[in-house]
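Below: the structure, in structure tokens.
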Amino acid sequence: MKIRYFAWVRERIGQEAEEVEPPLDVATVADLAAWLAQRGEGYAHAFENPRVVRAAIDRTHARPDAPIAGAREIAFFPPMTGG
Amino acid sequence: MKIRYFAWVRERIGQEAEEVEPPLDVATVADLAAWLAQRGEGYAHAFENPRVVRAAIDRTHARPDAPIAGAREIAFFPPMTGG
Amino acid sequence: MFTVRIQREDFDAGAEAAALARGRTDVGAVVSFAGLCRADPAEEGGRLLALTLEHYPGMAEEEIERHLAQARARWPLAGATIIHRHGRITPGENIVLVVTASAHRAAAFAAAEFLMDWLKTSAPFWKREEREAGPHRWIEAKAADDDAAERWQSTGSDTP
Amino acid sequence: MFTVRIQREDFDAGAEAAALARGRTDVGAVVSFAGLCRADPAEEGGRLLALTLEHYPGMAEEEIERHLAQARARWPLAGATIIHRHGRITPGENIVLVVTASAHRAAAFAAAEFLMDWLKTSAPFWKREEREAGPHRWIEAKAADDDAAERWQSTGSDTP
């Protein structure tokens, strides 16, 4: 499963993308964020307030309780500030 | 007092503008319209439904009960269809 | 820069909009509305050949200036340009332009809509249709336009 | 003609708006919104030198296309063009363009506002500020933008 990071989530984690294989009990977007947060200092910093980190599954906005089974690409990023 | 006519009010009356001296008991815009309506067939046609004819006193929209004393230029026209 | 022009000639909507922001760094939003002459197919009297716009010279400028002053009192505008054409205008041609510039988009959008709604109902312009068949006919005012203008009368909110 | 473009290069707002109506006689209203980079004086960290816009390639286009499809389902549009730039943008430069064309002005205005409100809150773009003094800083999302987008959720009316 490919994970992508944007804006300050990317900066804190220190990379744009990576391939991960989370354990089977990581079922939702929120589970995945919590699992990633344990992978190191940068990850912990990025997910220190999980409510402000948004996610997309296969390029579509996803809520924290969205299941990740079958996803090819999951992205984490701050609230959008385009326009 | 100069009277100006626009759009179908102008067409029905057959002229763009004229100078008139209404009697002193013609005090309001509505009085003036009623007085003008008696001046001939075209005028009667223009003012046949006085509620749809709008007026301006000295280039400012005026209601039927607006006094005309002191006015230099009064205009009559249909509801606006610009824009 | 605030400009009102009543003219027979066409205008360049893009150039007018660009001029409001040029050389400035306090404009974050430019909203432009261009109204064009449409020719809907198969209307009564046949295809529309042209509109002729009659106006009340002098009052047209003054009335639009009054509404522009109201818009400036109501929203923080950095600039606005309003152009209304008169004379004979054929389908596809420009009729009216309203451009508003502001720091923020809500003010620019609201002011542009406010100005257009008032232009429609209170600027002294009248449109006459020229069609393939049938006599020339003055367009009747639409109740929907009066409603659109009246939504701005409530003083409770800056957006309708 | 419906177009969504994500690009680094500047755009010509006037040319894009003109293109939507060119050669057509069914377009009565063209609304154009251009969002520009502002530099407000005397902010914390000194004068703004530039914004850098990061985006999620692929998702940015798809997300905007989804909102454009919603707008087309909701209002009768003859055309729309949405352009969003990314990369480094200095004060006074264009950031975003939304142009909508319709037979009538209410639809063109409502669709343009709808698209801008959703662009602000759901298109995957992030702005980072570069100022004269102090570190680069990511701009925080505004609650007002979420409110602006949410007003379109009520299904009762086509205008907020």
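Lettering of chains follows the sequences in order, A, B, ..., and the numbering in each one begins at 1. The structure presented is a predicted model; accordingly, all values stated were derived computationally and were not measured.
For C:A112, the parts lying under 4.5 angstrom from a heavy atom of chain D are both the backbone and the side chain. Contact annotation for D:D12: neither backbone nor side-chain heavy atoms come within less than 4.5 Å of a heavy atom of chain C. For chain D, the nearby parts of C:A34 are the backbone and the side chain; heavy atoms of each come within less than 4.5 Å. For C:N94, no part lies under 4.5 angstrom from a heavy atom of chain D. Only the backbone of C:R24 comes within contact range of chain D, with heavy atoms under 4.5 Å apart. Heavy-atom distances place both the backbone and the side chain of D:A29 under 4.5 Å from chain C. With a 4.5 angstrom heavy-atom cutoff, C:A103 touches chain D via backbone and side-chain atoms both. For chain C, the nearby part of D:A148 is the side chain; its heavy atoms alone come within less than 4.5 Å.
A distance-only check finds no donor-acceptor pair linking the side chain of C:E63 to the backbone of C:A60 [under 3.5 Å].
Most heavy-atom pairs under 4.5 Å with chain D, from the set C:L48, C:D26, C:V27: that is C:V27. Among D:G28, D:G92, D:G14, the residue with the largest count of heavy-atom pairs under 4.5 Å with chain C is D:G28.
Here the closest non-hydrogen pair linking D:V98 and D:L119 is CG2-CD1, 3.7 Å. For the pair D:P91 and C:T25, the tightest heavy-atom approach, listed with the atom from each and the gap, is CB-CG2, 3.7 Å.
A distance below 6.0 Å separates the ring centres of C:F125 and C:H84.
Classification of the D:F114-D:W75 ring pair by plane angle, with boundaries at 30° and 60°, yields perpendicular.
Judged by the 6.0 Å distance and 45° axis criteria, D:R105 is not positioned over the aromatic ring of C:F33.
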message: Between C:R85 and C:E93, is the salt bridge (charged side-chain N to carboxylate O under 4.0 Å, His left out) condition met? List the steps.
response: CA-CA 10 Å; C:R85 294 180 65 193; C:E93 278 191 77; 3.1 Å; yes
